[in-house]
Every structure is written in C-alpha cells, then in structure tokens.
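Atoms within each ligand, like the ligands themselves, are counted from 1 in listed order. Side chains included, hydrogens not; waters and symmetry mates left out as well; all remaining heavy atoms used.
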Amino acid sequence: MPIRKTEKYEESQVYRVRHSAAHVMAQAVMELFPGQAKFAIGPAIEDGFYYDFDLPRALTPDDLAKVEARMREIIRGNHPFTRKELSAADAKKLFTDQPYKIELVEGLERGAEDEDGNPLTAPPVISTYTSDAFTDLCRGPHVEHTGQINPDAVKLLNVSGAYWRGDEKRPMLQRIYGTAWNTAPELEEYLWKVEEAKKRDHRKLGKDLDLFSLNPEVGPGLVLWHPKGALVRYLMEDFCKREHLANGYDLVDSPHVGRGHLWETSGHLDFYRESMYAGMEMDNETYYAKPMNCPFHIMIYNSGLRSYRELPIRYAEWGSVYRYEKPGVLHGLMRVRGFTQDDAHIFCRPDQMPAEIDRTLAFCLHILRSFGFTEFHAYLATRPKEKSVGEAAQWEAAIEALRGALDRSGLEYAVDEGGGAFYGPKIDLKIADAIGREWQCSTIQFDFNEAARFNLHYVNESGQEEQPYMIHRALLGSMERFFGVMIEHYAGAFPVWLMPVQAMVIPIADRHNEYAQKVAEQLRQAGLRVSVDVRTERMNAKIRDAQMQKIPFMLVMGDKEAAGNAVAVRLRSGEDKGAMPVEDFIRLAQQTIQNRD
Ligand SMILES: [Zn+2]
Ligand SMILES: [Zn+2]
C-alpha cells in the first residue's frame, strides 16, 4: 500500500492563501478606520485565518460585510506580495503609529541577543510583506499576488475578543475570523460542516437526549453518566469485552490509587507529575490516583515467574484514570480529567512480536468498524532524534513490525519520522466521522522504558532471563471521548443495537393501551428495549417526541392493528413501513440489531 504523502499544512498553497487573505482583510479594516486602526497579529489557522485589531469602536455585522466586499476588490486588483528585509531601526520607523508592531519588532531585536546579552552572530531577519496599500511585519509565506486568492472562496465568519498576547492585563483586541479555500464548493462544504457540527455538538445532544452531564459541584472534567448514556456505555463495553475474550485477551482489574513508590518506579512522578492529581497521605505513605494503568498490569505480570511458553500475555482493563488538564482545555466529553480507557498491555517474545502487532491492528480495525467507522488515517511515529531509551535493534524490530502491519492492513498511512515517544515507536489511528472530521482514538505503542524500569522478564528456552516486548494499546481510547465522538458521528441516532430505547410503542387512544402493553411485553420477551407512550397526547405529538429522542422504531397502534395483532412501523428517518404482524417486526428489529446497523 502506498505511503500517504502528508504535506505539512504550513507548506501548502491553501496556507499561503489564508495568510494572504488575512493581510488583505487587514488592509480593508485599516481603510474602514483611516488613521485610527492599530493592527496586531494575523496568522493562518486550521481552516482559516484571523487578524487582531485595536479599533475605536466595536465592529458590527455591517462592518464585516463592508470589509468582505472591499477584500474582493483588493483581491481582483492582482496586487503582488513583495518581501523586503530591513533593520530593526527602519522597521520601527515604518510602524511608528503601530504600537503592537513596534513591540513585535523589539521582541525580534531582543531575540538577536543570547541569554547573556551578547549579540548572536546571525541576528534574526526582520522582513515585511507589502501588497497594494498594506505593509505588514511578516515572515510569510504568501501567494505571489492577490489574484491567487479566490474571491468566491473567502468569507468572514465572526468577531470575538482576544487579549493582546493572550495576557488579560494587556488590551482587549477585536479578532476577526475568516476562512479561505481554493474553490467556492470547498468553502460551501466547510460552512455546511460548521453548521452541521453545531447541530451535532455532543454537549447539546447529551443534554437533549439525557445521556450525561458535568456538574461544577462534582468537579470540572468529571463526567456523570445518566441512565441512557450509561446503558450505551454498558453495551459498548459488553460488546468489546466479549470480543477481547474471543481475541485471546485476559480481563484484569486494578485499583484507582497506588503508592508513591510505584509511581517512582514507573517514572510517572518524574516525567508525568504535572498531569497527576496531588498525592493523598495515609499511614505515612503518599498515594496517587492513577494517571495510567500500566504499572498495575506490570505488577500482575511480575506476580509470578513467566516462562516463554506462557507468552504472549494480553491483559485488558476498562481502567479509569485521572489526569490534570488545565481548566481552559476541558471540553465536554472530549477533554476531561477522569476517564476510562479500554486499555491493554501485551507482553510477548521477540519472535512473536510482528504477528502480535498484525493481530492488534486487525483487532483494532474490527472494533472500530463494529461501531460504524469506515475511514481511518494511520500515522507511524519512529524513533526521536534526541533522547530515547531502548536498544537500537529493539527499535528497528518494533518499527519494522509496525510498518509491516500497516502495509499488510491495506491502510494508507503517513510516517512521522522521529515523532515517537522517547520510550518507543507507535501507530496512531484517527477515525473520520460522518462530516469528515478526524478524531484520534486508537494507539498501539511500544514501551522499552517501563519494561526496563520494572525489570520485566521471562525465562527463555535455554533457561535464561529475557526482556519481553511490552505494548500498550487502547482502541477506543477513552470511553468518555469515544462516546462524545459517537454522539457527534451519529447526531445521537446510534445504531439500533446501541440505542437505550429501540422501539417506542404508541397507542393512538387510551383504549389501545392494553394492546400496546401486550405488544411491548412480547417485544421485551424477544430481547428488545421498549417503552410505551401512554400519555394522553395526540399521536403526532408522540411520534414527534420519539423522533426527537432518535428512537429507531415507532410502533403505532389503533383499532386495526389491535384487531390484526399488528403494528404500524415508522422509522426515525421518517420512512413509513406500514402495518405488519408483530412477529415480522420482531424479525426486522432483530436482524437490524444483529447487523449492528
Ligand atoms: Zn503576514
Ligand atoms: Zn500503558
């Protein structure tokens, strides 16, 4: 399978287009407030660009429309972007009315000195880019001329406040966000995605569908799973655990806290302390909430003398871990402080290792596909150039095994040369959701560090001690995050096998309630999760509410159905399947569940 060429975004044409559009926008804003606008910084960012301004008044939507119209004029002028190098003194003279630029120039100037205040032999180059009537302190790169920006593929999005240099003690600036693409259809698709992402926001759907909540009284980043969410999680875990057992894993369980000594041995207190919850004192010992499950699994491995005959050993655990994340980065279920990993550690002999990696990757894809994901992007991260632990031969063998597994899997992948952790190479897998966003979930990661620190070994055929390969792997990653991705991927309409309520029985009038209860009981006997809507609402209101709850099957019943032992089946898609015998519906539902549709 060909290795996917992944062009660095910063080196792509669209990056130049976006950064150039930021300059064009700045010119238009400057012209709107002649002699009054102060401009700060304006980089290209993921999917677009922004520029920060210090303006005499707040921008209105009307202003944005004017700026956008003026941008199109400037773009059509085909003005070249010209680069110029200049001295710090000249730069300060050029930006004499622009205090933010002067501060940036001074920063560059200071950067020309080493930490003892001695001038560096090669001072940083100060450069400007000019297009039409606008000159910015800028390193580039840019397009050759404004005509290379597609005027039909540029749009300003919104304005928000941003502190100068992100410092709340500095002035609050107005940040205009915009986006630019190569073609108008690309812009359309992007705008559609943004709208669609809002509708699918798992925080909104989590509330609407009563799946989970976060409560400041509990603590930031700590998730409460409500009955419906917890049921989905139970179904996901139950499926995964069965698959793990069928795939040769052993399930283990370990405590949520461990002695400081353990985390010293593992090295977490040295290199991971900032991400750990503070210690708890007890019996003259310090205990720490676990940020990872590995040391516990290693202790299980080390609880006996292992023979080469026992390997590979695969320990899997739905292990809850706690990590300190800064308040500013917490985000719904996607970034939390307490989460459960579908974690496993594999210990194997060198001769077993390549096959083991193949098997792990195949299993990973099987699990992700079972949840309805079909598009994957794989990344192979190799040995970092700087510090790393482990022998060269181990690294080579491990990287070869990872590369071989990727080649054999048929997945396209990108190689991140030197992008591995200091303790081992890895494969990261991202899944694409229904609207094309990528989510990092799975990882298969070698660890030469823990293996040595905990003196992992087994007795080989000649009776000598040897170090096994140790592999960490998580497939869904974190249950919380994966659930968040599932909510957004399906917009809450999970496949039938995962729905908390699979069928809503809807009696048309009170006199049909008895029949409705009888049918519901029959369906429950057949293993379906069913509710009966006995409210005295009109049928259409009941259908609408069930649809809002994304319930896959709505079974409407009136006199005709009751007389014929039938149900009228409507799907959440709006499709009306008409009346059918109860038995037929049960078969239809069971088939859908079995197919995991
Ligand atoms: Zn620039
Ligand atoms: Zn681990």
#### Entry: Pairs flagged by side-chain hydrogen bond (donor to acceptor under 3.5 Å, both in side chains) wherever residues 385-396 is involved - sequence neighbours left out
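For residues 385-396, and leaving out neighbouring residues, the side-chain hydrogen bond (donor to acceptor under 3.5 Å, both in side chains) pairs sorted by first residue read R383-S388.
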
### Check: Y15 main-chain N/O paired with H19 side-chain donor or acceptor under 3.5 Å
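Flag not set: sc H19 to bb Y15 has no pair under 3.5 Å.
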
### Message
Main chain of G258, side chain of W263: is a donor-acceptor contact present, judged purely on distance under 3.5 Å?
### Response
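Yes, the answer is positive, given that a donor and an acceptor are paired below the 3.5 Å cut-off.
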
### Message
Let me check your reading of the structure: within less than 2.8 Å of the Zn ion (ligand 1), is there an N/O/S atom from H142?
### Response
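Checking H142: none of its N, O or S atoms is under 2.8 Å.
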
### Task
Could you please compute the angle at the Zn ion (ligand 2) from NE2 of H345 to SG of C294, rounded to 10°?
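If I round to 10°, I get 110°.
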
### Message
How wide is the angle at the Zn ion (ligand 1) spanned by H23 NE2 and H19 NE2, rounded to 10 degrees?
### Response
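NE2 of H23, the Zn ion (ligand 1) and NE2 of H19 span an angle of about 110°.
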
### N, O or S atom within H472 nearest to the Zn ion (ligand 2), by name
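Checking each N, O and S atom of H472, the shortest distance to the Zn ion (ligand 2) belongs to ND1.
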
### Task
Hey, can you tell me if F271 and F422 have their rings parallel, tilted or perpendicular (30° and 60° cut-offs)?
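Correct class here is perpendicular.
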
